Structures are given as structure tokens and as C-alpha cells.
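To start, the structure under review is shown below, and the notes come after it.
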Amino acid sequence: MLQVSFIRQNREAVLERLAVKNFFQTELVDEVIALDDERKKLQADFDSTQARVNSASKEIGNLMRQGQKEGAETLKAEVASLKVGIEPLKVKMANVEKGLLDKLLLIPNLPALEVPKGKTPEDNVVVREGGVKPTLAEGALPHWELTTKYKLIDFELGTKITGSGFPVYIGKGAKLQRALVQYFLDFNTAAGYVEYLPPFLVNEESAYGTGQLPDKEGQMYHATADNFYLIPTAEVPVTNVYRDTILKEDELPIKMTAYSPCFRREAGSYGKEVRGLNRLHQFEKVEIIQIVHPDKSYEVLDGMVDHIEKLLQSLELPYRILRLCGGDMSFTSAITYDFEVYSAGQDRWLEVSSVSNFENFQTNRLKCRFKDANGKMLLTHSLNGSALALPRIVAALLENNQAGEGIMLPRVLHSYFGAEWIL
RNA sequence: GGUGAGGUGCCUGAGUGGCCGAAAGGAACGGUUUGCUAAACCGUCGUACGGGUUAAACUGUACCGAGGGUUCGAAUCCCUCCCUCACCGCCA
């Protein structure tokens with residue numbers, strides 16, 4: 001959520017930035033400003049009336065103690081008439097505040113200056129590529145055949161138990177998941193991230209805090225009996241650790257990492273693009289999250305990109321890093337880099353990580369602040385990224401490393417998996 | 001799920017209708033002094049939204065789990081909900 005005061009002071013710049021995200025609802029921005037004007041006016045009215053009520057009430061107490069009943073009664077009558085006027089003010093103020101918040105929630109975060117213009121994924125900019133694309137032997141298979149061949153994953157069984165998009169990992173397939181989670185967490189904690197194991201269901205407040213609600217309501221599974229949401233990413237519970245918090249400046253930066261299963265309804269997406277592990281309703285992911293000083297967030301972003309790049313390099317996968325264009329970025333992000341790995345069996349790039357700086361868009365909602373050296377209250381900046389999402393990593397590992405009678409795993413996984421090959 | 005006790009500022013904790021945005025102690029921060037792993041003393045020490053100011057000072061309103069109610073006036077009384085703790089029940 002943007003700050004109203006910022007919008008007021010930078011209306012033109014805000015509109016200009018929003019255009020990069022293909023957001024052209026000028027009227028929404030102006031409505032926010034108008035509602036805020038109204039809010040201020042109503043509050044001034046309310047405050048002055050209420051001030052009179054308060055002082056009169058105090059006086060009534062004094063008069064009563066002195067036994068001056070008539071004087072007290074006169075004042076009581078005055079207060080009664082003031083309160084008649086105050087009631088509708090209160091109601092109106094609550095409505096205006098609600099209206100203001102509702103409008104504000106519809107305005108996306110402003111893209112950073114270096115975000116390229118564009119509408120579709122084709123407009124994303126490749127900033128770096130690394131690794132070597134493998135040349136596969138004749139008869140190479142896509143991962144959904146390899147997982148069957150080596151008895152790693154049973155997709156049909158998952159359909160029987162739950163539904164499509166809920167794979168069942170079996171034997172070495174299950175162990176590979178565990179090995180990857182363990183490796184990723186170790187890699188992250190070695191870089192100073194503190195490991196969290198958060199709840200996988202969150203309440204409504206937390207879902208609002210990170211911006212999943214209200215705009216992504218349909219994408220989350222909702223346990224209605226208790227009004228809990230299944231998390232679409234560990235970002236939600238972990239970022240909410242710092243909801244309603246005032247930090248000390250020297251506590252920054254805060255670095256957290258968390259493994260969690262992720263649940264996504266992904267309503268409306270079907271077809272061969274989503275075959276196998278390419279898109280699932282439940283998958284495993286390890287996330288990294290930082291809460292930082294606002295002056296440092298872009299430096300930190302570069303560091304996170306670097307961190308994830310090294311992780312991908314250690315897995316010996318061909319990858320590329322994209323800077324997303326305005327149209328392809330999420331509602332809450334100021335800048336996003338996507339990491340894709342090349343999966344040779346499908347001859348496709350698969351997104352395995354997304355790193356974003358949210359600046360103070362999330363922390364304004366969360367109210368995660370700190371006091372600077374002058375005692376001034378400032379919003380922190382928040383960032384997060386996947387390090388990494390498992391399914392597509394597995395897809396690429398299987399497809400790229402298929403060789404003869406088995407699949408050769410990268411060196412870093414040998415000790416975690418307990419073997420060099422999947423045979 | 002049942003019964004009981006509670007939810008007050010960074011923490012402990014007082015406060016049962018006006019003098020309470022809230023005692024006291026601790027922590028933290030700033031300072032003075034003495035100086036050896038520290039003590040003593042003084043000061044500061046909630047947040048939000050307004051007004052005000054170059055910026056402060058100053059000032060209004062709201063907030064004592066959340067929401068509603070009673071009252072001229074609520075941290076304090078009433079109702080609903082949430083949460084915590086204890087015991088019981090159930091249970092990996």
C-alpha cells in the first residue's frame with residue numbers, strides 16, 4: 001500500500017510511474033487525495049466538538065462536587081446537543097476512512113526507474129545468462145516420463161488422493177525433495193539468513209499484511225471453518241513476523257529463510273504448459289526474506305540476486321536472469337528479477353525464482369518501522385526471493401542430466417541425497 | 001470441548017467512574033560523578049491522525065486485547081468476540 005502523504009506530494013510522478021505498470025486509473029489517485037482531504041476536514045470538525053464535550057464533562061464533575069446542580073444540568077444539556085451533531089460525524093468519518101483504504105488498496109506499487117516498459121513476458125529484459133545448455137542424446141525424455149521411468153513421482157496417485165496438481169513423491173523422488181530443501185536451507189543459513197519454520201495456515205490479517213488479500217483472494221485455498229488461508233508462499237507468514245513492529249536501527253538488516261509447502265489454486269490454468277512439474281497446486285519452496293533500512297534495499301537486492309545466482313551455479317544448471325517489465329510484475333513489487341533454468345527435455349526456460357524489492361509497499365501495510373538516529377519513525381523496506389522453488393529445479397535436473405541408464409546429480413547434492421546417481 | 005483466572009506502555013506491575021495517557025520498579029537512551037569488569041545521581045523515555053512552526057516549542061483528538069453499550073464523563077460498569085494461563089477431557 002502506498003502512503004497517502006507520498007501520493008499527495010508526488011501526484012504527477014506517481015501517475016507517471018503507474019503508467020509503466022500499465023495502470024492508467026488517474027481518477028483512483030485523485031479520489032484518494034479527495035477522500036484524504038475530506039478525512040482531514042471531518043477530523044478537524046470532530047476533534048473540536050469532542051474537545052468541547054470533554055472540557056464540559058470535566059466542568060460538570062467540578063460543579064457537582066461543589067453542589068451546583070443547576071449549572072451542571074445546563075452543561076449536560078449542552079453536551080447532549082453537541083453529541084447529536086457528533087454522531088453523524090463519527091459515522092461519516094468511519095466511512096470516509098474505509099473508502100480511502102479501499103481505494104488505496106487498489107493502487108499497485110510504483111515500479112522503480114530501471115523497470116522496463118512493456119506488457120507481456122516478451123518485454124522482459126535478459127540481464128544475464130550462465131551455465132551451459134546440455135546436448136541431449138537421441139531419445140531424451142521430458143521429466144514427466146523420467147519421473148515414471150525411475151519411479152520418483154506418481155501424478156495419477158495424487159489425483160486419486162486429492163486432485164490434479166498434487167503429486168505424490170515416492171522413494172528416491174521423496175528423498176530428492178528432502179535433499180534439495182536441506183541443501184537450500186544450509187546454503188541460505190550459511191549466508192546469514194536465520195531459519196524459520198512457520199505455520200502453513202495464516203489468518204486474514206496476515207494475508208492482508210503481505211498483500212495477498214484483497215487482490216489475490218481467489219488464488220489462495222481458504223479454510224472457511226476457521227477463516228484461515230493456506231499459504232501460497234512462506235513469504236506470507238515469515239514477513240508477518242514483523243507486522244506491527246518498531247525496530248531499532250541497529251537490528252537491521254533482518255535476514256530470514258524458511259522452507260514451506262506452497263498452496264496455489266492457480267484457477268483457470270490448464271494445458272500442456274502445466275504438464276508434470278511445471279505448475280502445481282502444492283509444491284515445496286525455500287524462501288529468503290529481508291527487512292532492511294530504506295537506503296540499503298537496492299544494494300540488498302543485488303546481493304540477493306547474486307546469492308541466488310550462486311545457488312543455481314552450484315546446481316550446474318543453465319540459467320538466465322530477467323528483469324521484469326512493468327506489465328509482468330506483481331502488484332506489490334517495485335522491481336522484480338526472475339530466474340529461469342533451461343530444461344532441455346522440454347526445450348523450455350522454467351521460472352524457478354523471483355526476487356523482488358517491495359520498498360515500503362508491504363511494510364506500510366505491515367507497519368514495520370524503525371527509528372532513525374534523529375528519533376524519526378521510518379518505514380523499513382522488505383524484499384524476498386525464492387531460493388529456490390523445487391519442482392522446476394527437479395524437472396531441469398532430471399531432464400538435463402539424463403544419461404544412459406541413470407540421472408547424474410550435481411556434486412553439491414551427493415551428500416544430501418546419499419548417492420551420485422538416480423538409477 | 002468443559003471449568004476457572006486473566007489480558008494495562010519495551011518488561012514487571014498498580015489503578016473499580018472525573019484529579020489517568022495512566023503510579024512504582026526495571027530495561028533502554030542522554031548526562032554528571034566516582035573510576036577497574038560496575039555503582040550512585042539527574043534527565044529523557046508510547047503510537048496514530050489533525051492544527052501549528054523553516055524546523056522545533058506548543059496544541060486538539062483517539063487508543064489500557066477487539067467491537068458494541070450504559071453515562072455529562074469509562075482502563076475502571078454491562079454485553080459479544082478473540083487470545084493467554086491453570087485444571088479436566090481428547091490427542092501426534
Side-chain angles (χ1 to χ4, degrees), chain A residues 1-9 32-105 197-209 213 223-229 237 240-252 254 261 291 360 363-380:
Chain A
M1 181 170 69
L2 295 175
Q3 296 179 97
V4 180
S5 58
F6 182 86
I7 294 176
R8 296 186 72 104
Q9 286 159 27
V32 162
I33 295 172
L35 284 167
D36 193 47
D37 282 338
E38 198 179 346
R39 197 202 98 244
K40 283 190 186 181
K41 199 171 154 295
L42 286 168
Q43 196 188 333
D45 286 355
F46 172 82
D47 282 359
S48 61
T49 314
Q50 186 63 44
R52 177 60 197 142
V53 169
N54 288 347
S55 69
S57 294
K58 212 165 253 189
E59 216 171 315
I60 290 168
N62 289 331
L63 291 172
M64 297 284 262
R65 233 166 287 121
Q66 291 161 23
Q68 300 185 30
K69 261 201 135 172
E70 295 96 87
E73 288 306 324
T74 313
L75 277 177
K76 276 193 197 182
E78 191 198 335
V79 169
S81 74
L82 284 172
K83 289 189 80 173
V84 172
I86 232 172
E87 267 319 305
L89 267 181
K90 264 162 100 170
V91 173
K92 215 169 165 191
M93 201 151 75
N95 286 337
V96 169
E97 272 168 22
K98 175 75 167 54
L100 177 60
L101 183 63
D102 287 348
K103 298 289 181 204
L104 208 50
L105 290 175
L197 183 56
F200 301 150
L201 278 75
V202 294
N203 59 30
E204 213 177 335
E205 256 187 301
S206 295
Y208 267 99
L213 291 177
T224 51
D226 295 293
N227 199 24
F228 292 151
Y229 291 87
N240 270 283
V241 166
Y242 287 96
R243 167 152 50 89
D244 289 322
T245 304
I246 298 171
L247 294 159
K248 295 198 184 78
E249 189 166 2
D250 61 16
E251 288 180 88
L252 303 173
I254 286 159
I291 292 171
N360 64 24
T363 53
N364 187 30
R365 269 293 265 297
L366 287 165
K367 293 210 210 67
C368 175
R369 297 161 294 169
F370 73 101
K371 274 188 181 168
D372 72 4
N374 304 318
K376 210 178 163 196
M377 198 73 87
L378 294 172
L379 288 167
T380 57

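As the structure is a computational prediction, the values presented were derived from the model and not from experiment. In what follows, chains carry the letters A, B, and so on, assigned in the order in which the sequence lines appear, proteins first and then strands, with residues in each chain numbered from 1.
- Under the Watson-Crick or G-U wobble criterion, with both distances below 3.5 Å, A56(B) has no partner in any strand shown.
- Nucleotide U71(B) forms no Watson-Crick or G-U wobble pair with any nucleotide shown, as no partner meets the under 3.5 Å limit on both distances.
- Between V79(A) and S55(A), the residue whose closest nucleotide on RNA chain B is further toward the 5' end is S55(A).
- Residue N54(A) places at least one side-chain N or O under 4.0 Å from the OP1 or OP2 atom of U61(B).
- Base-pair partner of A66(B): U80(B) (Watson-Crick or G-U wobble, both distances under 3.5 Å).
- We find that NZ of K371(A) is positioned 7 Å from P of G46(B), with the value rounded to whole Å.
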- S206(A) and N203(A): CA distance, side-chain angles, deciding distance, side chain to side chain donor-acceptor pair (under 3.5 Å) verdict: CA-CA 6 Å; S206(A) 295; N203(A) 59 30; 3.2 Å; yes
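- The pairing partner recorded for U3(B) is A86(B), the criterion being a Watson-Crick or G-U wobble arrangement whose two distances lie under 3.5 angstrom.
- Contact check, K76(A) against G73(B): no side-chain N or O comes under 4.0 Å of OP1 or OP2.
- Base pairing analysis places C10(B) opposite G26(B); the two distances defining the Watson-Crick or G-U wobble pair are each below 3.5 Å.
- The minimum heavy-atom distance between P237(A) and V202(A), with the atom names listed, is CB-CG1, 4.0 Å.
- Following rounding to the nearest Å, M64(A) (CE) and C72(B) (P) show an atom-to-atom distance of 9 Å.
- The CD-P distance, from E59(A) to U71(B), rounds to 22 Å in whole Å.
- Across all strands, A51(A) comes closer than 4.0 Å only to sugar-phosphate atoms, never to a base (heavy-atom distances).
- Here the C1' atom of nucleotide C29(B) and the CD1 atom of I246(A) are 16 Å apart, to the nearest Å.
- In this model, the phosphate group of G60(B) is not approached by any side-chain N or O of K40(A) to a distance below 4.0 Å at OP1 or OP2.
- For the pair D47(A) CG and C63(B) P, the computed distance is 12 Å after rounding to whole Å.
- Look at N203(A) and you won't find any side-chain N or O under 4.0 angstrom from OP1 or OP2 of C82(B).
- In terms of phosphate contacts, R369(A) brings a side-chain nitrogen or oxygen within less than 4.0 Å of OP1 or OP2 of A48(B).
- Phosphate contact (OP1/OP2 of C49(B), side-chain N/O of R39(A), threshold under 4.0 Å): absent.
- With both ends at atom P, the span from G15(B) to C20(B) equals 15 Å, rounded to whole Å.
- One finds a salt bridge joining K98(A) and D102(A) here, because a Lys/Arg side-chain nitrogen approaches an Asp/Glu carboxylate oxygen to under 4.0 Å.
- Separating the C1' atom of A92(B) from that of G2(B) is a span of 22 Å, rounded to the nearest Å.
- Here the separation of A74(B) from G67(B), taken at their P atoms, is 15 Å to the nearest Å.
- Base-pair partner of A48(B): U61(B) (Watson-Crick or G-U wobble, both distances under 3.5 Å).
- Rounded to an integer number of Å, the gap from CD of E97(A) to P of A62(B) is 14 Å.
- The residue L75(A) sits apart from the nucleic acid: no heavy atom pair falls under 4.0 Å.
- When only modelled atom types and interatomic distance are considered, E204(A) and N227(A) share a side-chain donor-acceptor pair under 3.5 Å.
- Residue K376(A) contributes atom NZ, which lies 20 Å from atom P of C45(B) at whole-angstrom precision.
- Distances shown here put every side-chain N or O of Q50(A) at or beyond 4.0 Å from the OP1 or OP2 atom of G60(B).
- Across G43(B) and G7(B), the matching P atoms stand 32 Å from one another, rounded to whole Å.
- Of the two residues contacting RNA chain B, namely A80(A) and G61(A), the nearest-nucleotide position lying further toward the 5' end is that of G61(A).
- Using a cutoff of 4.0 Å between basic side-chain nitrogens and carboxylate oxygens, K90(A) and E87(A) are scored as salt-bridged.
- The pair D37(A)-R8(A) meets the salt-bridge criterion, since a charged nitrogen lies less than 4.0 angstrom from a carboxylate oxygen.
- Distances were taken from every side-chain heavy atom of Q43(A) (C-beta onward) to each of U47(B), C72(B), G50(B); the shortest belongs to G50(B).
- For R65(A) and G18(B), the CZ to C1' distance is 6 Å, given to the nearest whole Å.
- Distance noted for atom C1' between G6(B) and A62(B): 26 Å (whole Å).
- In the set G18(B), G50(B), A48(B), G18(B) carries the atom at the smallest distance from any side-chain atom of S57(A).
- In this structure C91(B) sits in no base pair that meets the Watson-Crick or G-U test at under 3.5 Å.
- Considering only residues two or more places apart in sequence or on other chains, K367(A) meets the salt bridge (Lys or Arg N to Asp or Glu O under 4.0 Å) condition with D244(A).
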